[in-house]
2 protein chains.
Amino acid sequence: MNAPRTRIQAENRARIAAAALDVFSAEGFRGATVDAIAERAGMSKPNLLYYFPTKDAIYREVLERLLDDWLAPLRALDEAGDPVQEIAAYLDRKIEMARDFPAESRLFANEMLRGAPNMIDVLQGDLRALVREKAKVIRAWSAAGKIARVDPYHLIFAIWATTQHYADYDVQVRAVLGDDGEGRFHDGAAFLRKLFLDGLRPR
Amino acid sequence: MNAPRTRIQAENRARIAAAALDVFSAEGFRGATVDAIAERAGMSKPNLLYYFPTKDAIYREVLERLLDDWLAPLRALDEAGDPVQEIAAYLDRKIEMARDFPAESRLFANEMLRGAPNMIDVLQGDLRALVREKAKVIRAWSAAGKIARVDPYHLIFAIWATTQHYADYDVQVRAVLGDDGEGRFHDGAAFLRKLFLDGLRPR
DNA sequence: CTTTGTCTTGACCATCCGGTAAAATCGACG
DNA sequence: CGTCGATTTTACCGGATGGTCAAGACAAAG
């Protein structure tokens, strides 16, 4: 069943993965029930288990489907572009993802909080390599005087943290700001651009 | 049983709360089992349930014990101090908390991810009021030209996000950096000070 | 239409888990 | 020491949940 062989299989596996993303991200792995995922996918539990053998398998599938999209914004950081604009654009892409794919962000957050039992290998492998590569780019920008001399790793962490915060801590942000439609994403993006480029100290 | 009447009660309730903090923060509410908390506290499950009537009650107790400590760093932001130093000091305090009390941070993160079912009233009440008050202070600093004109709410979010990231995403940070003892907290603090004060654009 | 493999369902099982009951043990105080 | 309330333990219950099974419904190909 690893490679979908029929149209129905492809459709249903996709529907299940979408439903599972919602449920897992909102309830955590343990809090999500197979029944809840099945109901959200519009099918019975045994039917769902016809497509995925175990709850774990569903979870792993969801994680896998996410990974590429998740790292795409960092991958797109372009050595050849203008450094300041590249970083501003990276911030924007990440804020957009927090706005448009909050469930994905929360799923990752849940996995991290538990110690990444299903992703530790990816973190230490592909992710680490990608970050190292981009850190090199950032360091070169620093050396060329295009941006300030800062630790590129912690810069990347700060970009992740500030942008994903709008998805992961959405309740808190909304509680503090009051309900603002989606204005918080726009205002947050503007603030972050200013923060990352110019900081707080008056010039 | 709300107010401990004996020495043993006070001791055991404290031991249970400490154990529960560890288990809840690592596994999430649903992932934590009463048995696991009891074992970690060094007692049997029925014994634990002699001190707290339900799993929910344990969880609420843990949240309550945390709240004051959690908001203390923001409360300490002093209108009368030097703005730049006040913000730098706030960053430092928050980074220290991420290093010294990561379980607390992760517990909050778990609660936020689920939509804060047990804290939404606090968020919309005390927290919101406190943030509003401090936002006013920050805005006054901006108006006086002591710091740049930025949205004070999003500034506070950014401080929370960047500092708590070192607790909540600890696995990821360690996977990317390799094991570094606790150097990441020192380096992170230095980076954040520079980021928040001066930004990335070369001067 | 019929056949054959795909898909779906209802009934069911075993385990985990939150919580209870009641008896046994402990410990502070007279 | 003896008493009595505080504490702890053993045994247990019922519902939730992950997963199975066997039979039925369905779709595609001849």
Side-chain angles (χ1 to χ4, degrees), chain A residues 1-64 107 110-111 114 117-118, chain B residues 1-64 107 110-111 114 117-118:
Chain A
M1 176 90 48
N2 278 333
R5 307 217 160 283
T6 74
R7 173 185 53 87
I8 293 181
Q9 273 183 36
E11 278 176 16
N12 281 349
R13 285 178 63 97
R15 264 170 56 211
I16 292 167
L21 172 65
D22 289 343
V23 177
F24 281 130
S25 69
E27 314 287 343
F29 177 77
R30 193 76 184 332
T33 69
V34 177
D35 268 310
I37 299 170
E39 187 177 358
R40 187 158 258 243
M43 67 182 69
S44 66
K45 177 172 66 168
N47 197 183
L48 182 153
L49 289 167
Y50 170 74
Y51 291 100
F52 291 91
T54 64
K55 181 181 172 181
D56 260 282
I58 308 171
Y59 186 73
R60 285 195 300 271
E61 168 84 10
V62 172
L63 275 187
E64 259 176 51
L107 188 78
N110 266 306
E111 175 74 8
R114 283 193 306 147
N118 295 277
Chain B
M1 174 95 44
N2 279 332
R5 307 216 162 282
T6 75
R7 173 184 54 86
I8 294 182
Q9 273 183 35
E11 278 176 18
N12 281 350
R13 284 178 63 97
R15 264 170 57 211
I16 291 167
L21 172 64
D22 288 344
V23 177
F24 281 131
S25 69
E27 313 286 343
F29 177 77
R30 197 75 183 326
T33 69
V34 175
D35 268 309
I37 298 170
E39 187 177 0
R40 181 149 224 160
M43 66 182 69
S44 66
K45 177 173 64 167
N47 197 182
L48 183 152
L49 289 168
Y50 170 73
Y51 292 100
F52 291 91
T54 64
K55 181 181 172 182
D56 261 281
I58 309 170
Y59 186 72
R60 285 195 301 271
E61 168 85 9
V62 172
L63 276 188
E64 258 175 53
L107 188 78
N110 266 307
E111 176 72 7
R114 283 192 306 146
N118 294 278

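First the proteins, then the strands, lettered A, B, ... as listed; each starts at 1.
- Annotation for B:E39: atom CD does not count as buried by contact number, only 12 or fewer foreign heavy atoms lying within 6.0 Å.
- Pairing each heavy atom of B:A32 with each of B:V23, the nearest pair is CB-CG1, 3.5 Å.
- Ion pairing of A:R15 with A:E11 is absent here, as no side-chain N (NZ or NE/NH1/NH2) approaches a carboxylate O to less than 4.0 Å.
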Check your understanding: When you check every protein heavy atom under 4.0 Å of nucleotides 16-30 of chain C, what one-letter string (B, S, -) results, 5' to 3'?
Key -> -SBBB-------S--

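- The distance from atom CG of A:N47 to atom P of D:dA22 is 18 Å, rounded to the nearest whole Å.
- One interatomic measurement links the two molecules: CD of A:Q9 to P of C:dT6, which rounds to 8 Å at whole-angstrom precision.
- B:A41 and B:I16 make their closest contact through CB-CA, 4.2 Å (heavy atoms, listed as atom of the first residue, atom of the second, distance).
- Taking side-chain N and O atoms only, B:S44 has a distance below 4.0 Å to OP1 or OP2 of D:dT9.
- Separating the OH atom of A:Y59 from the P atom of D:dG18 is a distance of 15 Å, rounded to the nearest angstrom.
- Taking 4.0 angstrom as the limit, B:N12 places a side-chain polar atom (N or O) nearer than this to OP1 or OP2 of D:dT8.
- A:I58 places its CD1 atom 11 Å from the C1' atom of D:dG19, with the value rounded to the nearest Å.
- Following rounding to the nearest Å, A:Y50 (OH) and C:dG10 (P) show an atom-to-atom distance of 17 Å.
- Taking the six-membered ring where the residue is Trp, A:F24 and A:Y59 present perpendicular rings, their angle passing 60° and hence far from 30°.
- With a 4.5 Å cut-off on side-chain heavy atoms, A:K55 and A:F29 count as touching.
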